[in-house]
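Whatever order the structure lists them in is the order used to number ligands and atoms, beginning at 1. Remember, predicted model here, so these are calculated numbers, not experimental data.
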Amino acid sequence: MASPSTGFPSDFFWGCATSAYQIEGAVAEDGRAPSIWDTFTHTPGTIAANENGDVAADHYHRWQEDLDLLQAMGANAYRFSISWPRVLPQGKGKVNAAGLGFYDRLVDGLLARGITPFVTLFHWDLAQAVQDRGGWPARATVAEFEEYARAVAHRLGDRVTWWITHNEPFFSGVGGYFLGNFAPGLVDPVAALHASHHLLLSHARAARAIRDEARGPAKVGLALSLSAVQPASSSEADVQAAGRFDAFTNRWFLDPVMRGEYPAELAQRFAPLGTPIEPGDMQEIHEPLDFLGVNYYSRSIVRHDDATPFLEAAQVKPEHGEFSLMWEVYPPGLFELLDRLWRDYHPPLLLVTENGMPLADAPDGRGHVEDGERISYLARHLAQVQRAMARGIRVGGYFVWSLLDNFEWALGYSMRFGLVYVDFASQKRIPKSSAEWFHRVIQHGLPQGAS
Ligand code: FCB
């Protein structure tokens, strides 16, 4: 039931999302061992301006202040991730009590502020020790991830209900092992194919481990990076290419989880690489979800391209349109995506687990950070969420990426996504005008004319 005052249901989750490596810093504290992102960022030439997450937003030390900011915004949910090498420095074996203790306090701190925790187990920071044993391309990593999931759920499962196994496995698998722009920075299609399959299998094993360990009603899902894919022209070649691009970037992870199978045409194209699938894997991966997390930023316009290996499809930048520092701004794509997911996959519930906009924010002469463009971006996307809900599509929440300005992976600190500005030299936080706007929306709903 929509609440008459906001136009959103009273149990709608309003939150912000973050991830461990992007905000925590304290990379060598309290027994945390390196992750692949520590190794990658300390390899010269991998990251813009050779930046790294050693200190990031220093959230490890400032988490209480950060949770206060979240509370002041009126958020009733917070999506954060756990650093595997903080909890299990060697990836498996002995649990590091101090590392797990940090997240234990964080969960208590959220609950004390009336904020529901959404825990992501894996947001790309694989323990380096696991990578040294083969990383995601090695099947043994699946069992290690299950062990890690079990350790975390055992400790937090009495207070945490909402769990996200993986964030955007496409980027862990394909970005890290094939495109090479993400850690561990390999360019090896066979490794990427195996990594992707093992990520999916590890999702299912972790989901079961969480359900076993939870002392309350666990809700388990995963967060996928999804875009609305459209052909660059109505030519048959472009339409086919858009289909393949969609199969790779959207359906390669959706279909196994939601239907228990890989997209057939693409599986055929990848067949020369060999298969990591063992008997029973696909049934396991088809483990039922409680919700599907949607990370949406933009659409993809695609044309046929002989030069792109396997796919023969390439993304093109539209000639006209509105662009952020990173992507095209295309709010209707969020409705198109939610509608399509609802019709094609019948998930029990959808959550927008990430949506946001990078800007080169800076305080003005009065020390205010005015980010009207971000407000416009968020308002127009939220209006699309509302449009989807009006059609009966069950969307249970909306998480802005991100709470704080943070380390934006290969692009370093140049891309500011936060509702809260961070001066990385002093670590001073300044809520931007978007934080005040979000607060008003949570209380009163979207202003008229936000679409
Ligand atoms: C998503 C990632 C998140 C952040 C945003 C901008 O792909 O999940 O960590 O980098 O993009």
Side-chain angles (χ1 to χ4, degrees), residues 15-25 35-38 40-41 46-48 51-53 56-57 59 78-84 118-126 164-176 178-179 181-183 196 199 203 221-228 248-250 252-254 292-300 315 323-330 333-334 337 351-361 371 373-374 377-378 381 398-420 422 434:
C16 294
T18 62
S19 91
Y21 187 72
Q22 293 180 277
I23 62 167
E24 284 178 1
S35 78
I36 56 174
W37 273 93
D38 296 284
F40 192 62
T41 55
T46 55
I47 308 295
E51 288 170 331
N52 59 57
H59 172 75
Y78 177 51
R79 175 179 171 227
F80 65 95
S81 84
I82 294 193
S83 154
W84 187 345
F118 281 68
V119 173
T120 304
L121 286 176
F122 188 76
H123 200 124
W124 306 351
D125 48 353
L126 182 69
I164 292 168
T165 54
H166 281 286
N167 179 71
E168 303 189 350
F170 180 86
F171 286 99
S172 320
V174 179
F178 180 52
L179 303 176
N181 55 341
F182 284 2
S196 302
L199 283 154
H203 150 74
L222 85 173
L224 298 179
S225 56
L226 300 169
S227 74
F248 186 47
T249 57
N250 291 329
W252 196 252
F253 290 88
L254 268 174
L292 180 64
V294 177
N295 293 358
Y296 177 82
Y297 290 92
S298 189
R299 71 171 159 178
S300 310
Q315 217 175 323
F323 297 92
S324 76
L325 294 171
M326 283 166 75
W327 299 295
E328 189 195 3
V329 176
Y330 184 67
L334 180 53
L337 185 61
L351 291 171
V352 177
T353 35
E354 285 183 26
N355 179 234
M357 184 187 195
L359 285 172
D361 297 303
D371 56 344
E373 279 179 78
R374 178 173 292 109
Y377 178 101
L378 297 174
H381 284 79
Y398 176 85
F399 291 79
V400 176
W401 183 271
S402 182
L403 173 62
L404 305 167
D405 290 340
N406 60 51
F407 177 75
E408 176 49 33
W409 309 113
L411 299 174
Y413 294 99
S414 58
M415 296 296 156
R416 292 179 176 272
F417 273 93
L419 296 184
V420 174
V422 177
S434 57

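- Taking the ring axis of F399 as reference, the NZ or CZ atom of R79 does not stay both within 45° of it and closer than 6.0 Å to the ring centre.
- The closest non-hydrogen atom to atom 4 (C) of ligand 1, taken over F407, W327, W401, comes from W401.
- Y21 and T41 share a side-chain donor-acceptor pair at under 3.5 Å.
- Counting heavy atoms under 4.0 Å from ligand 1, residue E354 touches it through the side chain alone.
- Ligand-side atoms of ligand 1 in range of F417: 6 (C), range being under 4.0 angstrom from any heavy atom.
- Checked by distance only, ligand 1 and Q22 come closer than 3.5 Å through their nitrogen or oxygen atoms.
- Numbered from 1 in the order shown, with element, the atoms of ligand 1 that lie under 4.0 Å from a heavy atom of N167 read 8 (O).
- Taking every non-hydrogen atom of W409 and a distance limit under 4.0 Å, the qualifying atoms of ligand 1 come out as 3 (C), 4 (C), 9 (O), 10 (O).
- In summary, the aromatic rings of F40 and F182 are positioned with their centroids too far apart to meet the 6.0 Å limit.
- For L411, the side chain to side chain contact (heavy atoms under 4.5 Å, CB included) partners are M326, E408, S414, M415, not counting sequence neighbours.
- Remark: ligand 1 atoms within the under-4.0 Å shell around heavy atoms of H123 are 2 (C), 3 (C), 8 (O), 9 (O).
- Under the 6.0 Å cut-off for aromatic ring centres, F118 and Y78 do not qualify, their centroids lying 6.0 Å or more apart.
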